[in-house]
2 protein chains.
Amino acid sequence: MVLPRAAKTQRRTRIQEEKEERILEAALEVFSAHGFRGATVDQIADVAGMSKPNLLYYFRTKEAMHRALIDRVLDTWLDPLRAFDAEGNPVTEIRSYIRRKLEMARDFPRESRLFANEVLQGAPHIEDELKGPLKELVDEKAEVIRAWTKAGKIAKCDPYHLIFAIWSTTQHYADFDVQVRAVLGQGNSGEGRFEDAARFLERLFVDGLQVSEQPAS
Amino acid sequence: MVLPRAAKTQRRTRIQEEKEERILEAALEVFSAHGFRGATVDQIADVAGMSKPNLLYYFRTKEAMHRALIDRVLDTWLDPLRAFDAEGNPVTEIRSYIRRKLEMARDFPRESRLFANEVLQGAPHIEDELKGPLKELVDEKAEVIRAWTKAGKIAKCDPYHLIFAIWSTTQHYADFDVQVRAVLGQGNSGEGRFEDAARFLERLFVDGLQVSEQPAS
DNA sequence: TGATAATTTGACCGGTTGGTAAACATTACA
DNA sequence: TGTAATGTTTACCAACCGGTCAAATTATCA
C-alpha cells in the first residue's frame with residue numbers, strides 16, 4: 001500500500017496522527033496568515049519542519065490540507081453559539097456568549113483569521129458549510145432570541161443582525177489585531193485590551209450608549 | 001522618453017489618466033478579492049482588458065499598483081470619521097456615522113475588502129498609515145467622545161472600543177458578505193439587509209438591548 | 001507631411017509554484 | 001530474523017509567477 005489516507009481497517013499508526021497533527025498546526029499558521037492562494041506548500045512544509053514531498057504523502061494536495069483544517073476547526077468554532085441556552089436568562093446568555101467569543105479571539109486568533117480569510121475571499125472552499133450547518137445553527141438560535149423578544153425579555157430586535165454584531169465586534173480583535181494595536185498604541189496594546197473590550201461590549205449590548213443614570217464621579 | 005510616471009512638466013496625456021484609471025479599477029477588483037499575494041498581474045491585466053507589459057508600462061511593479069490603490073482609497077475611506085463633529089449632538093453624530101459607514105459598506109465593498117485583506121494579513125504594506133494618520137485621526141475623535149462622556153451626554157465608555165465596534169459591525173456587511181447572505185438565505189439577501197442592519201445598529205448603539213418600554217404591539 | 005515621442009505588443013527569462021517518480025530508509029509484525 | 005508495509009528523500013517536471021526587452025504601432029505637433 002502506498003497511501004496513508006483511507007487505511008482499510010483504521011487510522012493505524014501513531015506516527016500518522018503525530019505527523020498529521022504537526023502538518024495541520026503548520027497549515028493553520030500559514031493559511032491564517034496569507035489565505036489559501038497566498039500560502040505555499042513549501043512554506044507549510046518549512047514551518048512543519050519536514051520536506052514538501054513528505055507533507056504531500058499525508059495530504060495529497062494543498063486543498064486537502066485546507067479542507068482537513070477547516071473541518072477540524074469549524075466545529076470548535078461554533079461551540080459558543082451552540083451553548084446559547086433558550087432556558088437561560090437572556091442578558092446572562094448574551095453576556096457570556098460575548099465573553100466566550102472574545103476569549104476565542106484572544107486564545108485562537110489564527111482560527112479566526114483562517115475563516116476570515118476564507119469568507120473575505122468569497123468562501124470558495126466553505127460555501128456548503130456556510131449555507132448548511134452554519135445557517136441551520138444560526139436559524140435555530142435566532143428563533144431562541146426571537147422568543148425572548150416576543151416575551152418582552154429583551155428589546156425587540158432582529159436576531160440575525162444581533163448575532164452578526166456579536167460576531168463582528170468580538171472577532172475584530174483577532175482579525176484586525178494589527179490595526180487595533182496600531183490605533184491603541186504601544187502603551188495600551190498589552191493583553192488588557194481584551195478586558196477593556198469585554199467591559200465595553202457587555203455594556204454596549206446590554207445598555208447601549210444612553211445617558212447613564214449615575215453621573216461620572 | 002520611456003517612462004510615463006514622473007513626467008517632467010505634468011501628467012500630460014489624457015490617455016495616461018484613462019489607462020491608469022482602468023488599471024486601478026481592475027486592480028481594486030482583483031486585490032480586494034484575493035489579497036496582495038493571491039492576486040496576479042496577469043489577472044489584473046485581463047480584467048483591465050490590456051496586455052501585461054502594457055500594464056507594467058504604467059505601473060512598474062505589482063506593488064506600485066497596490067500602493068497607488070491604497071493611497072487613493074484611504075483618504076476617502078476615512079472621510080466619515082473626519083465628519084465626526086465635536087459640536088454636534090452625540091447621538092445624532094454616532095447615528096449618522098453608523099449610517100455613513102454602512103452606506104460605504106454597501107456602495108464600496110471592494111474598498112472595504114481591500115483594507116480587510118491587508119490588515120488581516122498583518123498589514124505589511126500599510127503599517128505606516130495605520131500607526132500614523134489613522135491613529136492620529138482616531139486619537140482626535142476619541143478625545144471628542146471622551147468629552148461627551150465627561151459631560152454626561154452619553155454613557156461612560158471607552159471611546160476606542162466604541163469606534164472599533166462601529167467599524168467592525170458596519171464593515172462586516174462588506175467583508176463577510178457571502179457569510180451574511182448564506183445565513184440570511186436567498187429570501188432575505190436582497191439589498192434590504194442594509195436597511196435592517198441600519199435599523200438594528202442605530203438602535204443597538206443608542207439604546208442597547210434592554211427591555212423596551214413600549215411592549216410589542 | 002514628417003519626425004519625434006508615447007504607447008502597445010510578442011517573445012522571452014529566471015525563479016517559484018503545486019505536484020510526481022522512484023529510490024531509499026524505517027517500522028511493524030509473522 | 002525476514003519481509004512486506006509504511007515512511008522519507010532526492011531529483012525532477014510542467015505551469016505559472018513578476019518582470020524585461022526590443023521591435024512595432026500609434027498619437028502629437030511643428
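Order of the sequence lines sets the chain letters (A, B, ...), proteins ahead of strands, with each chain counted from 1.
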**Q** For a quick check of understanding: with a heavy-atom distance under 4.0 Å over all strands, which category does A/Ala39 fall into, base, sugar-phosphate or nothing?
**A** sugar-phosphate
**Q** Whole-Å distance between C/dT17 P and A/Leu55 CG?
**A** 14 Å
**Q** Rounded to the nearest angstrom, tell me the gap between atom CD in A/Glu18 and atom P in D/dT6.
**A** 17 Å
**Q** Without decimals, in angstroms, what is the distance between B/Met50 CE and C/dT7 P?
**A** 12 Å
**Q** Select one nucleotide: of D/dT8, D/dG19, C/dG19, the one nearest the side-chain heavy atoms of A/Asn54.
**A** D/dT8
**Q** When the distance from CZ of A/Phe31 to P of C/dG18 is rounded to whole Å, what number comes out?
**A** 9 Å
**Q** Look at the side chain of A/Thr40 and decide which nucleotide, out of C/dT20, D/dG19, C/dT17, has an atom nearest to it.
**A** C/dT17
**Q** Expressed as a whole number of angstroms, how long is the span from B/Lys52:NZ to D/dG18:C1'?
**A** 6 Å
**Q** Can you find a side chain N or O atom of A/Tyr57 that sits less than 4.0 Å from OP1 or OP2 on D/dG7?
**A** yes
**Q** Among D/dG18, C/dT8, C/dG18, which is the nearest nucleotide to the side chain of B/Lys62?
**A** D/dG18
**Q** For A/His172 and A/Thr169, which heavy atoms make the closest approach, and how far apart are they?
**A** CB-O, 3.5 Å
**Q** Between A/Asp158 (side chain) and B/Phe200 (backbone), is there a donor-acceptor pair under 3.5 Å?
**A** no
**Q** Can you check the A/Ile23 CD1 to D/dT8 C1' distance for me, whole Å?
**A** 12 Å
**Q** Rounding to an integer number of Å, can you tell me how far A/Arg22 CZ sits from D/dG7 C1'?
**A** 13 Å
**Q** Just checking B/Lys135: does its NZ atom have more than 12 heavy atoms from other residues, nucleotides or ligands closer to it than 6.0 angstrom?
**A** yes
**Q** On DNA chain D, does the nearest nucleotide to A/Lys19 precede the nearest nucleotide to A/Arg37 from the 5' side, or the other way round? Give the residue.
**A** A/Lys19
**Q** Say whether A/His34 and A/Gln43, considering side chains only, have a donor N or O and an acceptor N or O under 3.5 Å apart.
**A** yes
**Q** Would you say a side-chain N or O of A/Ser51 is under 4.0 Å from OP1 or OP2 of D/dT8?
**A** no
**Q** Could you tell me whether A/Arg67 and A/Glu129 have a side-chain N and a carboxylate O separated by less than 4.0 Å?
**A** yes
**Q** Looking only at the side chain of A/Pro53 (C-beta and beyond, no hydrogens), which of the listed nucleotides D/dG7, D/dT20, D/dT9 gets closest?
**A** D/dT9
**Q** Check every atom of D/dG7, D/dG18, C/dG19 against the side chain of A/Tyr58 and return the nucleotide holding the closest atom.
**A** D/dG7
**Q** To the nearest Å, how far apart are A/Met65 CE and C/dG19 P?
**A** 7 Å
**Q** Taking only side-chain nitrogens and oxygens of B/Gln16, does any of them come within less than 4.0 Å of OP1 or OP2 of C/dT7?
**A** yes
